[in-house]
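The structure appears below as structure tokens.
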Amino acid sequence: MSQLPEQSAGPSVPTSADVARLAGVSRATVSYVLNDNTTVRISDATRRRVREAAFDLGYVPHAAARSLRAGHSRMVLLPAAQQLPGPLHQRFFTDLQTDLRRLDYTVVQYGSVGLDADEAVRAWAELRPVAVVAPGGVHLTPHRTGVLTRSGAKAVVTLGPQPVEGAHALVLDQREVGASAARHLLSRGRRSIGVLMPQDPGLAVFAGPRLAGVLRAVETSGTAARAEPLPLAYEEEPAARLAARWRTLGLDAVIAYDDEYAMLLMRALQDAGVGIPKETAVVGAGDLMLGRLLRPRLTSVRMELATAQPPAELIDRLIRHPGGPRERHDLLRARTVVRESG
């Protein structure tokens, strides 16, 4: 009969009792100090002694036990099923995480790639977060939002083009990106506008509303203008094929999904001998520095993310005061920065 090999017990995990013995205080005092409880009067010298003892022992409070005592966790979950594109959104999430940590929340990013929507929501709920900030990718519904709130989430916040029933919403209304570009071109007398639509299905949630914004601006312009969607893969060869037949399309302007698509097509148009902006005006979106280095310099829609209350403070307020009406905050501001390309 085989036997399992003996295993060493390994180093013991320090406990709050060990910290209390080293600091010469009670376990309750250790708990008050390390949980920053200010309702109990404890001298600065005692607080310093407790923190030094915890540091010397390598003691870390047990998050699950602390959550059990408090009735909820301090975890804010940021699912990463579909990252929003561009440095603007990356900066937003970096600032959000930094500010949430300052408010004493633990921020956890969770990869949901390969899970369907129901599986992803159940996986989030298993972690018992106090809040979830869902940036698209996984389609939330009232039922899925209910799964999260019943698991203990005091705030479920979506970040995307449309609000979701049952959740708070930070709305990125992409329609204004397309509308801003279209209004600019119409004001310059352009009347036949192509709209580059990326063939990457992951971008459809943003590209579709931007096209809708262009179409709406054209429709309400009071002119005989038209807009034509132009599907394009992000590769040189498809861009060259589109540029080769450009003059047959009868277009005098193009709005690209973003600056990278604008630069891709602009290079192809120039190689095909199409004058920019004389024959065709080109407008991108995102206002990348690289677009300003092109010749001609790229006209682009600059986007900013802003709310009346900093997003981390907003989430903290929703956590501390759950059960109120669902809030909507429009986050996206867009304006066209005019340069040489259009």
Side-chain angles (χ1 to χ4, degrees), residues 72 75-86 88-97 99-100 103 105 107-110 112 117-118 120-125 127 129-180 202-213 216 285 301 303-334:
H72 60 81
M75 180 197 302
V76 175
L77 193 67
L78 299 182
Q82 172 66 57
Q83 291 295 336
L84 295 167
L88 177 68
H89 300 96
Q90 294 172 9
R91 186 164 61 250
F92 170 81
F93 280 110
T94 298
D95 292 345
L96 176 62
Q97 292 179 66
D99 292 344
L100 284 170
L103 292 170
Y105 290 100
V107 181
V108 175
Q109 289 187 316
Y110 191 99
S112 302
D118 288 324
V121 168
R122 286 196 298 270
W124 304 345
L127 297 177
V130 72
V132 177
V133 183
V138 172
H139 177 58
L140 286 183
T141 62
H143 170 73
R144 292 166 186 155
T145 300
V147 171
L148 294 171
T149 55
R150 287 191 294 273
S151 73
K154 296 180 180 295
V156 178
V157 183
T158 61
L159 182 66
Q162 298 293 335
V164 173
E165 184 181 348
H168 303 287
L170 296 175
V171 178
L172 300 167
D173 191 348
Q174 300 289 321
R175 293 175 297 182
E176 184 55 27
V177 177
S180 177
L203 299 178
V205 67
F206 307 105
R210 292 185 187 183
L211 173 62
R216 179 62 177 164
V301 179
M303 293 172 279
E304 297 174 348
L305 301 180
T307 56
Q309 184 177 27
E313 293 181 12
L314 170 65
I315 293 167
D316 178 56
R317 175 173 60 79
L318 296 174
I319 291 170
R320 288 186 291 104
H321 304 286
R326 296 301 177 249
E327 298 184 11
R328 170 182 173 144
H329 299 270
D330 288 295
L331 198 62
L332 187 64
R333 309 286 183 268

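Each residue takes its place number in the sequence, starting with 1. As the structure is a prediction and not an experimental result, all values here were calculated from the model.
Between Leu148 and Val121 the shortest heavy-atom distance is CD2-O, 3.8 Å. Across all their heavy atoms, Ala285 and Val177 have their closest contact at CB-CG1, 3.9 Å. Counting all heavy atoms, side chain and backbone alike, Val133 lies closest to Pro79 at O-CD, 3.1 Å. Minimum heavy-atom separation, Pro325 to His168: O-CE1, 3.7 Å.
Leu170 is not listed as a side-chain neighbour of Leu305, based on a closest heavy-atom distance of 4.5 Å or more. A heavy-atom distance below 4.5 Å is found between the side chains of Leu331 and Leu159. By the 4.5 Å heavy-atom criterion applied to side chains, Pro129 and Tyr110 are not counted as neighbours. For the pair Val76/Val130, a side-chain contact is recorded, criterion being any heavy-atom separation below 4.5 Å from C-beta on. Inter-residue side-chain proximity for Met75 and Leu127 is flagged as met; some heavy-atom pair is nearer than 4.5 Å.
Applying the side chain to side chain contact (heavy atoms under 4.5 Å, CB included) criterion to Ala204, with sequence neighbours excluded, gives no partner residue. Remark: Glu165 pairs with Pro142 by the side chain to side chain contact (heavy atoms under 4.5 Å, CB included) rule, at least two apart or across chains. Residues that satisfy the salt bridge (Lys or Arg N to Asp or Glu O under 4.0 Å) test with Arg326, not counting sequence neighbours, are absent from this structure.
Taking CZ from Arg317 and CD from Glu327, the interatomic distance works out to 4.0 Å, rounded to the nearest 0.5 Å. Of the inter-residue distances, the one linking Leu172 atom CG with Arg333 atom CZ reads 10.5 Å to the nearest 0.5 angstrom. Taken to the nearest 0.5 Å, the CD atom of Gln174 stands 6.5 Å off from the CE atom of Met303. One finds the CD1 atom of Ile319 at 9.0 Å from the CG atom of Leu103 (value rounded to the nearest 0.5 Å). Taken from CG in Asp118 to OG1 in Thr141, the straight-line distance is 7.0 Å, to the nearest 0.5 Å. How far NZ of Lys154 is from CZ of Arg320: 12.0 Å, rounded to the nearest 0.5 Å.
No more than 12 heavy-atom neighbours from other residues, nucleotides or ligands sit within 6.0 angstrom of CZ on Arg175.
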Q: Check the pair Leu77 / Val132 against side-chain contact (heavy atoms from CB on, under 4.5 Å), numbers first and verdict last.
A: CA-CA 5 Å; Leu77 193 67; Val132 177; 4.3 Å; yes
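Screening Asp99, Leu100, Ile315 against Tyr105 for a side-chain contact (heavy atoms from CB on, under 4.5 Å) leaves a single residue, Leu100.
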